[in-house]
Amino acid sequence: MSTTGSQRPAQVSAARRRTVIDALRRGAVPDSGLDLLATGLDRFEAALDAELDAVASGGSVFKAVRGEYGSGKTFFTRWLGERAKRRNFAVAEIQVSENETPLHRLETVYRRLTERLTTSSFPPSALRPVVDAWFYALEEDALAAGATEEDLPGEVEKLLVARLAEVSRHAPSFATALRGYRTALADGDEATAAAVLAWLGGQPHVAASARRAAGVRGDLDHFGALGFLQGLLTVLRDSGHTGLFVVLDEVETLQRVRSDARDKALNALRQLIDEVHSGRFPGLYLVITGTPAFYDGQQGVQRLAPLAQRLATDFTTDPRFDNPRAVQIRLPGFNQESLVGLGLTIRDLYADAAEMPERVRKVVDDAYVADLAVAVGGALGGKVGVAPRLFLKKLVGDVLDRVDQFDDFDPRQHYRLTVAGSELTDVERNLAATISGDSASADDIDLEL
């Protein structure tokens, strides 16, 4: 995901730099500012930007991202999400999990989407600002068409019905809930308005009194979720957003659920892909991420032949010739050279805000960054591909912070790399424990559950 050399902007704000460095210090992928680290992604830019532009023009795109653990799948999708936000997309990142967000229950996926919906102006959940902006846009359109203040409520109602006509064919309760939300606000009933909006966002257990007031019944189910997603896309478009960028992250977890739930989830994924390609969701860019074992193994995509056909992509050629326009794209991951290159980029980014930047660059020179990268990779069984998270965490938290704060600190004399089991993820811990073994990941073992 990175190559030697930096393509950082000449001027970086203190807030952006702090956001990136703080996240790396915690061993996490930054939520923003990823363009500061995104070297080596230029091979994807033209194709992905063209797809974002197509979605902004009313199209829809499905993309599958494959890569081993540590290859930068989360980084890649957040980097692409930032590019989408710059085009005024709304963005949502959803972690697929058996307990919290099972993929075979699309109502939970929709719920997480609304909970994590964000825009360039609003953090999660941005559902209410988006809905309020939509009603404001309807009022502006009605006034522009000549409506008077007395006629405004009725004209807004007509526009609401017209804009959601297609959505109402599949999910009539979506428009009903919006109408109930607006009525509650007009009556000054904030509690009911908030409850109705929660129901619109797919939340269960909304008070029966609020549902009755809005004229809706029950909770959102699996089949209604797709209709509500269609409605959300309409609201986003009419409120000024060019589209919705959604990431379903870590779908490889499906390999470790019960076989019946796995089959339902794979079929739900197949259904989503078909709906995207059918044009039902104009303005949607849907991305999934997974390991090669998920796409190629018998406990993943290959278990459902129609899904395997839809995701089939040729990866037999040299990775240099991978097609970034294909439905599935491959992230090559890190090697020693690219890991060192990323470390140098972070070192320079850190030094730019240090009190003595030249000292930081001198003490933590290129050779030391390379030595630390080798040491971290060795602690993980030589698996450089899974080392970036831990390497950057050690570089920032253990080395750069100390060099910046203590004038006499020299990492070559005063620091010895230690890797505690408690700071490792499950995959990293397995690798550290099996340095001489062949099996490094649960994905390497097929289990019939």
Side-chain angles (χ1 to χ4, degrees), residues 1-9 20 29-57 59-89 91-94 242-252 273 276-277 283-292 294-296 310-335 337-339 341-342 345-346 384-386 388-389 392:
M1 293 301 297
S2 178
T3 57
T4 54
S6 174
Q7 298 174 354
R8 291 189 295 112
V20 170
V29 175
D31 289 326
S32 61
L34 297 179
D35 58 309
L36 303 178
L37 314 179
T39 56
L41 295 182
D42 52 323
R43 59 183 298 213
F44 298 107
E45 286 183 0
L48 297 178
D49 284 349
E51 290 178 348
L52 287 171
D53 291 340
V55 172
S57 299
S60 55
V61 168
F62 174 85
K63 206 78 170 178
V65 177
R66 68 187 276 146
E68 296 288 359
Y69 178 86
S71 62
K73 295 187 295 296
T74 299
F75 178 94
F76 177 85
T77 55
R78 289 185 181 174
W79 167 80
L80 185 54
E82 283 196 346
R83 299 181 78 83
K85 274 188 182 179
R86 287 199 289 270
R87 288 168 167 79
N88 203 25
F89 278 65
V91 174
E93 178 184 320
I94 304 165
T242 51
L244 173 62
F245 179 86
V246 178
V247 178
L248 300 178
D249 203 9
E250 298 183 358
V251 292
E252 70 268 12
I273 294 173
V276 169
H277 290 162
L284 177 63
Y285 195 121
L286 178 62
V287 179
I288 66 169
T289 72
T291 59
F294 169 72
Y295 293 109
D296 301 335
R310 287 157 176 76
L311 295 179
T313 306
D314 178 21
F315 290 116
T316 60
T317 59
D318 189 303
R320 292 180 300 157
F321 306 117
D322 282 358
N323 178 15
R325 299 174 181 172
V327 66
Q328 187 182 155
I329 58 177
R330 169 172 55 180
L331 302 184
F334 284 87
N335 55 33
E337 179 185 7
S338 61
L339 188 63
L342 180 59
T345 297
I346 298 304
V384 177
V386 301
R389 186 197 72 85
L392 295 178

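- In terms of modelled atom types and a separation under 3.5 Å, the side chain of T345 and the main chain of L37 share no donor-acceptor contact.
- L52 and F89 get closest at one heavy-atom pair: O-CZ, 3.5 Å.
- Here the CG-CZ distance, from L41 to F75, works out to 6.0 Å after rounding to the nearest 0.5 Å.
- Formation of a donor-acceptor pair under 3.5 Å by the E68 side chain with backbone atoms of P292 is not found in this model.
- Considering OG1 of T289 and CG of D249, their distance stands at 3.5 Å, rounded to 0.5 Å.
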Quiz item: Hey, mind stepping through F44 and L331 against side-chain contact (heavy atoms from CB on, under 4.5 Å) and telling me if it holds?
Solution: CA-CA 10 Å; F44 298 107; L331 302 184; 4.0 Å; yes

Quiz item: F315 and R66: side-chain contact (heavy atoms from CB on, under 4.5 Å), yes or no, with the steps?
Solution: CA-CA 11 Å; F315 290 116; R66 68 187 276 146; 3.4 Å; yes

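- G67 approaches K73 most closely through the heavy-atom pair O-NZ, 2.9 Å.
- Rounded to the nearest 0.5 angstrom, F245 CZ and K85 NZ are separated by 11.0 Å.
- The main-chain N or O of V61 is never found under 3.5 Å from a side-chain atom of E51 such that the two would form a donor-acceptor pair.
- Looking at K63, its side chain does come within 3.5 Å of a backbone N or O of A326 through a donor-acceptor pair.
- A pairwise comparison of heavy atoms in T74 and T77 identifies O-OG1, 3.0 Å as the closest pair.
- The backbone N or O of G59 lies less than 3.5 Å from no partner atom in the side chain of Y285, so there is not a single donor-acceptor pair.
- Contact detail for G283 and V55: the closest heavy-atom pair is C-CG1, 3.3 Å.
- Between the side chain of Q328 and the backbone N or O of L311, at least one donor-acceptor pair lies under 3.5 Å.
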Exercise. Evaluate side-chain contact (heavy atoms from CB on, under 4.5 Å) for R78 paired with V29, printing each intermediate quantity in order.
Key: CA-CA 9 Å; R78 289 185 181 174; V29 175; 3.6 Å; yes

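- How far OH of Y69 is from CD of E250: 8.5 Å, rounded to the nearest 0.5 Å.
- Ion pairing between a basic and an acidic side chain is recognised when a charged N comes within 4.0 Å of a carboxylate O; R87 and D53 show such pairing.
- Between the CZ atom of R325 and the OG1 atom of T313 there is a distance of 14.5 Å, given to the nearest 0.5 Å.
- Atom CD of E252 and atom CD1 of I288 lie 10.0 Å apart (nearest 0.5 Å).
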